[in-house]
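So the structure is just underneath, and the comments pick up after that.
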Protein chains: 2
Amino acid sequence: MTDSHFDLDLFLPYLLNQAAEAVSREFQAIYRERHGMTRTQWRVMANLGRFGAMTARDICAASHEEKTRVSRAVAALEVAGFLARLPSDRDGRAEILSLTAKGLAVFADLGQQALSYDAGLRAQLGAADADALHDLLLRLRALVPPAAAED
Amino acid sequence: MTDSHFDLDLFLPYLLNQAAEAVSREFQAIYRERHGMTRTQWRVMANLGRFGAMTARDICAASHEEKTRVSRAVAALEVAGFLARLPSDRDGRAEILSLTAKGLAVFADLGQQALSYDAGLRAQLGAADADALHDLLLRLRALVPPAAAED
DNA sequence: TTGACTTGGTTGCATATGCAACTAAAAGCT
DNA sequence: AGCTTTTAGTTGCATATGCAACCAAGTCAA
């Protein structure tokens, strides 16, 4: 991006999106075909699988997602029988979410898939470059102020 | 991603999306607020601005986008008076798209915004790291097979 | 020329999402 | 206690998108 004329192909936001879309498209096929799940649903599962029972709010905070998205994903996952809600005894508004046995099985499956997909990606990039990328992405995310929806 | 339990925060596709979304959200505010434009619309403009007159098909090929998306973006941009369609004299199906004077002005504006946004991003990452990121993203995009919709 | 297949582009339909408005429970404050 | 302000979640509405089906112009081959 040295010259004064604009070239999309040198534009970081564009490249980021292209790469993200390309990679996501591939992995999406997995959770979609195997469990009829949407990306947000998969993320919710991933959070519950990793951290155990937590509220929708916690998931929003942990995964930088908007509450509407999470709310709908949770509803769908409940219908699918992957998670259960329990009223919180500390806060009458909140609900404690946790994976059902069925949900745990799905998470185990997708977790494995994710690990191997990720490993494949890193192998193709080379370990050192993959780590560098990982690091850069974290820095980028941190650079940008959080979504307004996170208040 | 060394252990066998899956952690979303170490998952490259997830990080890629987070970073892309964070960055896009910011820049989106610009073309959205200034010209009421959607991301695909902005990309179409960017292609036309950079390459001059071309068909929708060419845009799809150049920007790895799906034809439906491009088709609708073109329709909206035409309504907004940013681009014009001319029947191709070589192919009765194709239409040659080009920016109107108004469209060129918008492109000039957004091009500048993009350049400076990109420069800001690169400055925050540091020139060397920014270049490394740029390179990694291109490699990533190339790694993944193109969308099925591109046939 | 005629018929089969490909290709540029559009449209219908179903779904995911953003945003704003809304409900109900908590917290603060006086 | 009584009142205002947050906060956890949900919902309505408008819009963007994916996918498959579709139309019309081209291409190819006999």
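To find a chain, count down the sequence lines: A is the first, B the second, and so on, and within it residues start at 1.
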Spacing between B:E95 atom CD and D:dA24 atom C1', to the nearest angstrom: 12 Å
Selection residues 91-111 of chain B - residue pairs positive for ring-ring contact (aromatic ring centres under 6.0 Å, His included), sequence neighbours left out: none
Please tabulate, for side-chain N and O atoms in residues 27-34 of chain A, each donor-acceptor pair with protein atoms closer than 3.5 Å (sequence neighbours left out).
unit_1, atom_1, unit_2, atom_2, d
A:R34, NE, A:D109, OD2, 3.1
A:R34, NH2, A:D109, OD1, 2.8
A:R34, NH2, A:D109, OD2, 3.4

Interatomic spacing from CG in B:L99 to CG in B:L104 - rounded to 0.5 Å: 5.0 Å
Rounded distance (Å) that lies between atom C1' of D:dA24 and atom NZ of B:K67: 12 Å
Residues forming a side-chain contact (heavy atoms from CB on, under 4.5 Å) with B:T68, sequence neighbours excluded: B:R72
Nearest heavy-atom neighbours spanning A:F6 and B:A114: CE1-CB, 3.4 Å
A:E21 vs A:A94, nearer the 5' end of DNA chain D by closest nucleotide: A:A94
A:L97 CG - D:dT10 C1' separation (whole Å): 14 Å
side-chain hydrogen bond (donor to acceptor under 3.5 Å, both in side chains) involving A:R69 - partner list, sequence neighbours excluded: A:E65
With the criterion being N/O to N/O and under 3.5 Å, what pairs connect the protein with nucleotides 26-29 of chain D, and how long is each?
unit_1, atom_1, unit_2, atom_2, d
D:dG26, OP1, B:G92, N, 2.5
D:dG26, O4', B:R93, NH2, 3.3

Whole-Å gap separating P (D:dT6) and CZ (A:R57): 16 Å
Write down the protein N/O and nucleotide N/O pairs, taken from nucleotides 12-17 of chain D, whose separation is under 3.5 Å; answer none if there are no such pairs.
unit_1, atom_1, unit_2, atom_2, d
D:dG12, O6, A:R72, NH2, 2.8
D:dT17, OP1, B:T40, OG1, 3.3
D:dT17, OP2, B:T40, OG1, 3.4

Protein-nucleotide distance (B:D89, atom CG; D:dA25, atom P), rounded to Å: 16 Å
B:D58 CG - C:dT7 P separation (whole Å): 15 Å
side-chain hydrogen bond (donor to acceptor under 3.5 Å, both in side chains) against B:D91, all qualifying residues, sequence neighbours excluded: B:R93
Options D:dG9, D:dT10, C:dG9, nucleotide nearest the side-chain atoms of B:T55: C:dG9
Under the side-chain hydrogen bond (donor to acceptor under 3.5 Å, both in side chains) test, residues paired with B:Y117 that sit two or more places apart: B:E26
Summary of side-chain hydrogen bond (donor to acceptor under 3.5 Å, both in side chains) pairs that have at least one residue in residues 94-106 of chain A, sequence neighbours excluded: A:R85-A:E95
Side-chain N,O (A:R85) to OP1/OP2 (D:dA8) below 4.0 Å: no
